There are 2 protein chains.
Amino acid sequence: MTERVDKFAARRAELAAATLRTLAELGYARTSLREIAQNSEFSHGVLHYYFRDKVDLITHCVREYKAICVTRYDQVVATATTPAQLQEGFLDKLAQTLVEEPQMHRLWYDLRNQSMFEETFRADVAAIDASLERMVWRVVTRFAELVGTTPLVTPSVMYALFDGLFQQALVRQLAGEAGAAADLRAAVTAVVAQVVPLDREPALR
Amino acid sequence: MTERVDKFAARRAELAAATLRTLAELGYARTSLREIAQNSEFSHGVLHYYFRDKVDLITHCVREYKAICVTRYDQVVATATTPAQLQEGFLDKLAQTLVEEPQMHRLWYDLRNQSMFEETFRADVAAIDASLERMVWRVVTRFAELVGTTPLVTPSVMYALFDGLFQQALVRQLAGEAGAAADLRAAVTAVVAQVVPLDREPALR
DNA sequence: AGAAACTCTTGACAGTCGTCAAGACACCTA
DNA sequence: TAGGTGTCTTGACGACTGTCAAGAGTTTCT
């Protein structure tokens, strides 16, 4: 009984993985169910056995995608004992995922964009956005704690700043610009220097 | 002769406007030539009389869209004589366009996202991005000039920060959140306060 | 071993897509 | 008035889409 459920869930996950690969490669606009099936080892009909329809399939993938992203920097936060360690570890991870998984990131921005047109995805996208914001905030507050200060902007502003920088770097990376990752590191460093003060005075102006 | 050319160009512009309306409403993924034609006063066949194919049509629209955006804050920059005037004028325009034209803005982000998947749009999108960056930089440097300081970040970082904030506000605005525009004003104000110092010391740390 | 339940393939359906050719219509010129 | 040019509509084409029903194949249970 439970093994049946497990196998069912495993197949769903397998098909979801194929869907994510296809979406990352082609983008939302040009991803079809037959294309997804060709990226798996099954035929196109099986997708309607494991998922109600296309929206159900993609929604499930988006939810699964969330789990991958959100814990990316947790280990860095947990192990760093100095500001420099945390900053370097964070920048390393950031540059690494930019270079190694740009397809997954452009997929995320593609889906977030779709949520501006389609009500369907809005709730899931908003939930992921919120958890990404919390992730960024964990990093920044831990950094400020190690420095002995507090951030000068709110969590949502902090997230928007990082997101803007990362998105710009992503566009450049996918356009083939060699310096994209290095520029991202420099940009994040510069912004953090302005927004998380190094000295102990909390600078209320 | 020239009137023929003018009429031809006028029709192209008319169809391009219908295309932009359709794209802003439906997004790139769900915009078809027949839908565009229904948003104009012509039939679907005429689009291939004035444009080579769909890519040619959309590329032309993207280029035309550029002209609308880039001059948005020029008058504010030209007329403001105090930092407060410039800041208020800029924030007003920013909040106004967020509330009044959110469809056009989500279209821009949609097209920029497509450029991460389709080589075709990449050059045009990059050109628009660069001119938007210059626009932001004109505003910021003029502001710094009026204050008597210089910005602490590069033009591309500055643009990425504003873009991140605006995009976040846009998602919220389109989700129906009432405070999106007000939050954007506050966020931009807070970031500018950190990145363009009010005092005369250029804060090289 | 036979029956039942689960899994997957195949093929078709109604619809939409971009594209284009054929022709109708309007307008200007000789 | 006849012919030519520019403009626009209509209808069709092949290809592609999401969806689903019919059935074959496989596994599990009694």
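Note that this is a predicted model, so its numbers are computed, not measured. In what follows, chains are A, B, ... by sequence order, proteins preceding strands, each numbered from 1.
Protein atom OH of B:Y28 is 12 Å distant from nucleotide atom C1' of C:dC17, rounded to whole Å. Atom CD in B:Q38 sits about 13 Å away from atom P in D:dT9, given to the nearest Å. When the C1' atom of C:dT10 is taken as reference, atom CG of A:L47 falls 14 Å away, rounded to whole Å. Rounding to whole angstrom units, CD1 of residue A:I36 and C1' of D:dT19 are separated by 14 Å. Rounded to an integer number of Å, the gap from A:Y50 OH to D:dC20 P is 18 Å. As rounded to whole Å, 8 Å separates atom P of D:dT17 from atom NZ of A:K54. Per the geometry, CZ belonging to B:R34 stands 10 Å off C1' belonging to D:dG11, to the nearest Å. Going from atom CZ of A:R30 over to atom P of D:dT17 covers 11 Å, rounded to whole Å.
In summary, the aromatic rings of B:F90 and B:F143 are positioned with their centroids too far apart to meet the 6.0 Å limit. A:Y28 has its ring centre no less than 6.0 Å from the ring centre of B:F117.
By the neighbour-count criterion of 12 heavy atoms within 6.0 Å, atom CD of A:Q75 is sparsely surrounded, having that number or fewer from other residues, nucleotides or ligands. For NZ of B:K93, the number of neighbouring non-hydrogen atoms (other residues, nucleotides, ligands) closer than 6.0 Å is 12 at most.
Among the nucleotides C:dT7, D:dT9, D:dT19, the one closest to the side chain of B:V46 is D:dT9. Of the candidates D:dT19, D:dT9, C:dG18, the closest approach to any side-chain atom of B:L33 belongs to C:dG18. Each of C:dT9, C:dC20, D:dG18 was ranked by its minimum atom distance to the side chain of A:F42; first place goes to C:dT9. For B:F8, taking side-chain heavy atoms from C-beta onward, the closest of the listed nucleotides D:dT7, C:dT9, D:dT19 is D:dT7. Set against C:dC17, C:dG11, D:dG18, the side chain of A:H48 has D:dG18 as its closest nucleotide.
Residue-level contact check: A:F51 touches neither bases nor backbone, having no heavy atom under 4.0 Å from any strand. Residue-level contact check: B:Y49 touches the bases, meaning some heavy atom is under 4.0 Å from a base atom. When heavy atoms are screened at a 4.0 angstrom cut-off, B:S43 is found touching base atoms of the nucleic acid.
The phosphate of C:dT16 (OP1 or OP2) has no side-chain N or O of B:S32 nearer than 4.0 angstrom.
Annotation: of the two residues near DNA chain D, B:H44 and A:T31, the 5′-most nearest-nucleotide partner is B:H44.
Checking A:Q167 against B:Y109 by side-chain atom types alone, no donor-acceptor pair falls below 3.5 Å.
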